[in-house]
Amino acid sequence: MTGQEALRELLEGNERFAECRPAAWEHDEQVRRGLIAHVAPIAAVLCCSDGRTAPEIVFDQPLGRMFVTRVPGNIVTSETLAALEFAVCQLGAPLLLVLGHSHCAAVEAAASNSAAVGPLGPVVLRLYSAVQRAQSHPTPDLLTAAIYENVQMSLEAIRIQSLDLRSRIQGGQALLVGAVYDMVSGRVDPKFLPDR
C-alpha cells in the first residue's frame, strides 16, 4: 500500500465515522491472535492525548492498522519521534500523519498566555511558538490558527530531527501529512497542510 492509498483509506473511514456508520470494529479471537504474529500498520500517527480524539475510532480502523503515538499537544519529543521511526522504518507504515484537533486545551492554554505551570507546563511552553506564528497571520480565530501552526511545526520537526524519516519521505517510501480533526463535525480537515 502506498502512502496516498493509506491516506485515502483513512479519509474514507473518517467519513464513515462522521456519518455514524462505523464498520471496522468487528473482530474476533482469530483476528486478535493473528495480530500477535504479524502487525503491518498502514499509518504511523502522532496525535494529542485527548481521549475525545482517538484516531483508531475517528478514522474507523480495525486493530493493528494504525501505530498511534499520543502526547499532549501532539508535539514532537525524542520519545514520540522514536515511536514514529519504529512504525515507519521497522514496521513499514507508508503514511506518517500528524493529527491536531479543535478545542485543544494545551494550545488554548498557550494562546490565552496562561502561565506554564502544573503538569502540562513544559508542553504549554513548547506551544507558545505555534501561537506566535499564528499571530503573524491576520485571523479572527487565534486558537484555530495556532492549532494548525502547531501541526505544521510538528511536521517540520519530524523532517529536521529524524534523518531516517526524512530519507524515507524524500525517497517516496513514506508520505508525511498533517491534518486537524474537528470535534464538532467529526471530520478530519481534508485540506491537509502544505509542506513548507
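Residue numbers start at 1 and run along the sequence shown.
With contacts defined as side-chain heavy-atom distances shorter than 4.5 Å, the pair Val151/Tyr148 does not qualify. The shortest side-chain heavy-atom distance between Ile42 and Leu95 does not fall under the 4.5 Å cut-off. Residues Pro55 and Arg70 meet the side-chain proximity criterion, which asks for heavy atoms closer than 4.5 Å. Put simply, the side chain of Ser154 reaches to within 4.5 Å of the side chain of Val76, judged on heavy atoms. Here the side chains of Glu5 and Glu9 are not in contact, with every heavy-atom distance at 4.5 Å or above.
In plain terms, the two heavy atoms of Ala109 and Val124 that are nearest each other are CB-CG2, 3.9 Å. In this structure, Asp182 and Ser185 approach most closely via the heavy-atom pair OD1-N, 3.0 Å. Of all the heavy atoms in Leu142 and Ala134, the pair that sits closest is CD1-CB, 3.8 Å. In terms of heavy atoms, Val58 sits closest to Asn14 at O-ND2, 3.0 Å. Residue Ala44 comes nearest to Ala87 through the heavy atom pair CB-CB, 3.6 Å, listed as atom of the first residue, atom of the second, then distance. When all heavy atoms are compared, the tightest approach of Cys48 to Gly73 is SG-N, 3.4 Å.
Remark: side-chain polar atoms of Ser112 are paired, donor with acceptor, to backbone N or O of Glu108 under 3.5 angstrom. With Asp60 contributing its side chain and Ala23 its backbone, the two residues share a donor-acceptor pair below 3.5 Å. At distances below 3.5 Å, not a single donor-acceptor pair connects side-chain atoms of Arg133 with backbone N or O atoms of Asn150.
The distance from atom CG of Asn74 to atom OG1 of Thr53, rounded to the nearest 0.5 Å, is 8.5 Å. Residue Asp189 holds its CG atom at 10.0 Å from CG of Leu11, rounded to the nearest 0.5 Å.
With sequence neighbours left out, Arg52 forms a side-chain hydrogen bond (donor to acceptor under 3.5 Å, both in side chains) with Asp50. Phe67 is linked by a ring pair (Phe, Tyr, Trp, His ring centres under 6.0 Å) to Phe86, counting only residues two or more places apart in sequence or in another chain. For Glu85, there are no salt bridge (charged side-chain N to carboxylate O under 4.0 Å, His left out) partners, not counting sequence neighbours. For Glu15, the salt bridge (charged side-chain N to carboxylate O under 4.0 Å, His left out) partners two or more places apart in sequence, or in a different chain, are Arg187. Under the rule for a side-chain hydrogen bond (donor to acceptor under 3.5 Å, both in side chains), the partners of Glu79 that lie at least two apart in sequence or sit in another chain are Thr77. With sequence neighbours excluded, the residues forming a side-chain hydrogen bond (donor to acceptor under 3.5 Å, both in side chains) with Glu19 are Arg21, listed by chain and number. Residues passing the side-chain hydrogen bond (donor to acceptor under 3.5 Å, both in side chains) test with Thr69: none are found, sequence neighbours excluded. Taking Val123 as the reference, Pro72, Ile75, Ala106, Leu120, Leu127 meet the side chain to side chain contact (heavy atoms under 4.5 Å, CB included) condition, with sequence neighbours excluded.
The stretch residues 97-106 participates, sequence neighbours left out, in no side chain to side chain donor-acceptor pair (under 3.5 Å) pair at all. Identified under the ring pair (Phe, Tyr, Trp, His ring centres under 6.0 Å) test for residues 43-62, with sequence neighbours left out: none. Counting only residues at least two apart or in different chains, ring pair (Phe, Tyr, Trp, His ring centres under 6.0 Å) contacts with residues 158-187 are absent.
Between Val45 and the options Glu56, Met66, Gln61, a side chain to side chain contact (heavy atoms under 4.5 Å, CB included) holds for only Met66. Paired with Leu97 under the rule side chain to side chain contact (heavy atoms under 4.5 Å, CB included), one option of Leu155, Leu10, Val188, Leu84 passes, and it is Leu10.
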Listed pairs under 3.5 Å, donor-acceptor, residues 164-180 side chains, sequence neighbours left out:
{"from": "Arg166", "atom 1": "NH1", "to": "Arg159", "atom 2": "O", "distance (Å)": "2.5"}
{"from": "Arg166", "atom 1": "NH1", "to": "Ile160", "atom 2": "O", "distance (Å)": "3.3"}

